[in-house]
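The structure presented is a predicted model; accordingly, all values stated were derived computationally and were not measured. Atoms within each ligand, like the ligands themselves, are counted from 1 in listed order.
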Amino acid sequence: MKLQFSKMHGLGNDFMVIDGVRQTVTLSKETIGQLGHRNFGVGFDQLLLVEKSNTPGIDFRYRIFNCDGSEVEQCGNGSRCFARFVFEQGLTNKTEIAVETAKGVIYPKLEADGNVTVNMGVPRFHPTEIPFQAPEEAIIDPLIVAGQVHDISVVSMGNPHAVQVVQSANDAPVAEHGPLIENHPRFPQKVNAGFMEIVSRTEIRLRVFERAAGETLACGTGACAAVVAGIRRGLLDESVLVHTRGGDLRISWAGAAQPVMMTGPAVTVFTGSIDI
Ligand SMILES: N[C@H](CCC[C@H](N)C(=O)O)C(=O)O
């Protein structure tokens with residue numbers, strides 16, 4: 001079968017985006033892993049699958065697979081690319097859409113300046129919603145990593161995040177501690193590990209060691225989780241500029257029970273096809 005796709009990225013977090021509306025797409029975990037391989041396949045951090053939705057008021061279904069083939073609940077940088085893809089491909093003429101994911105509905109909007117703003121939904125904090133093994137919800141939890149106690153903040157944006165504050169994002173032990181946090185036994189479904197440097201109350205630098213993908217140049221849900229964690233810790237104001245290695249995101253959160261808003265770019269690199 002010849003599979004049509006677009007190769008896209010959001011701040012260097014890159015995606016293979018597939019139209020599952022006009023194509024019949026059935027991909028095994030193994031096939032996705034092969035497609036995700038950067039030498040033997042297309043190469044991507046995540047594969048994004050566009051599907052029809054049968055839910056009234058919802059425009060599309062959005063499925064996300066890490067490059068190892070594991071299906072996950074949410075992808076922030078991918079949501080911006082998703083919105084650009086369905087518009088560019090003529091799957092919709094709407095610049096503001098409702099998209100259902102494995103955990104909730106998000107609302108991307110194509111802005112006139114070329115950026116995409118996404119209502120990423122309400123963050124969750126209870127251990128059972130992360131999931132995370134802890135007796136109760138807390139703003140900070142101690143986590144032993146490499147024999148040292150690290151103060152983390154757990155946040156779910158649909159997918160799980162463990163965020164810590166570091167003096168310098170550039171010097172943070174991302175390669176060493178990222179995998180230890182990702183695979184920590186207190187996270188039964190593993191976790192994305194964020195390393196946040198507070199530049200000011202309205203600016204951070206962030207690196208994220210992503211679950212099943214390793215460190216990416218940017219992580220949209222990671223940026224949302226980091227800003228929410230910083231606001232809950234009293235370190236950040238409502239609207240924050242997030243510097244990632246791939247570029248900048250604007251994240252804002254008005255507090256409990258409010259959605260997190262994310263604004264950033266979405267780029268189509270090329271369109272192609274591959275026989276699978
Ligand atoms: N690796 C993540 C999924 C991709 C999230 C990231 N690419 C984003 O932009 O939010 C996870 O396993 O939860």
What's the spacing between [X] [atom1] and [Y] [atom2] if we round to 0.5 Å?
X    : Y    : atom1 : atom2 : value
R250 : T202 : CZ    : OG1   : 7.0 Å
E88  : T271 : CD    : OG1   : 9.5 Å
Q133 : T128 : CD    : OG1   : 12.0 Å

Does at least one non-hydrogen atom of [X] fall below 4.0 angstrom from an atom of ligand 1?
X    : result
V72  : yes
A213 : no
T216 : no

>> Between R205 and D248, does any NZ, NE, NH1 or NH2 come within less than 4.0 Å of an OD or OE carboxylate oxygen?
In response: no
> Are the aromatic rings of F132 and F187 close, with centres under 6.0 Å apart?
Replying inline: yes
> Considering only heavy atoms from C-beta outward, does the side chain of L27 approach that of F65 to under 4.5 Å?
Replying inline: no
>> Is any side-chain heavy atom of R232 closer than 4.5 Å to one of W253?
In response: yes
Could you tell me which atoms of ligand 1, counted from 1 in the order shown, lie closer than 4.0 angstrom to a heavy atom of [X]?
X   : value
N66 : 1 (N), 2 (C), 3 (C), 11 (C), 12 (O)
G76 : 8 (C), 9 (O), 10 (O)
N77 : 8 (C), 9 (O)

Starting from [atom], locate the nearest protein heavy atom and write down its residue, its atom name and how far away it is, to 0.1 Å.
atom                    : result
atom 2 (C) of ligand 1  : N192 OD1, 3.3 Å
atom 1 (N) of ligand 1  : E210 OE1, 2.8 Å
atom 7 (N) of ligand 1  : N13 OD1, 2.8 Å
atom 10 (O) of ligand 1 : T221 OG1, 2.6 Å

> What part of D45, side chain from CB on, backbone N/CA/C/O, both or neither, has a heavy atom under 4.0 Å from ligand 1?
Replying inline: neither
Backbone or side-chain N or O of [X] under 3.5 Å from ligand 1 N or O:
X    : answer
E73  : no
G220 : yes
Q74  : no
C219 : no

> Pick one: which of D151, I152, V165 meets side-chain contact (heavy atoms from CB on, under 4.5 Å) with I140?
Replying inline: D151
> Knowing that exactly one of T221, V191, V72 qualifies, which makes a side-chain contact (heavy atoms from CB on, under 4.5 Å) with P160?
Replying inline: V191
> Got a sec: does the CD of Q167 have more than 12 other heavy atoms crowding it under 6.0 Å?
Replying inline: no
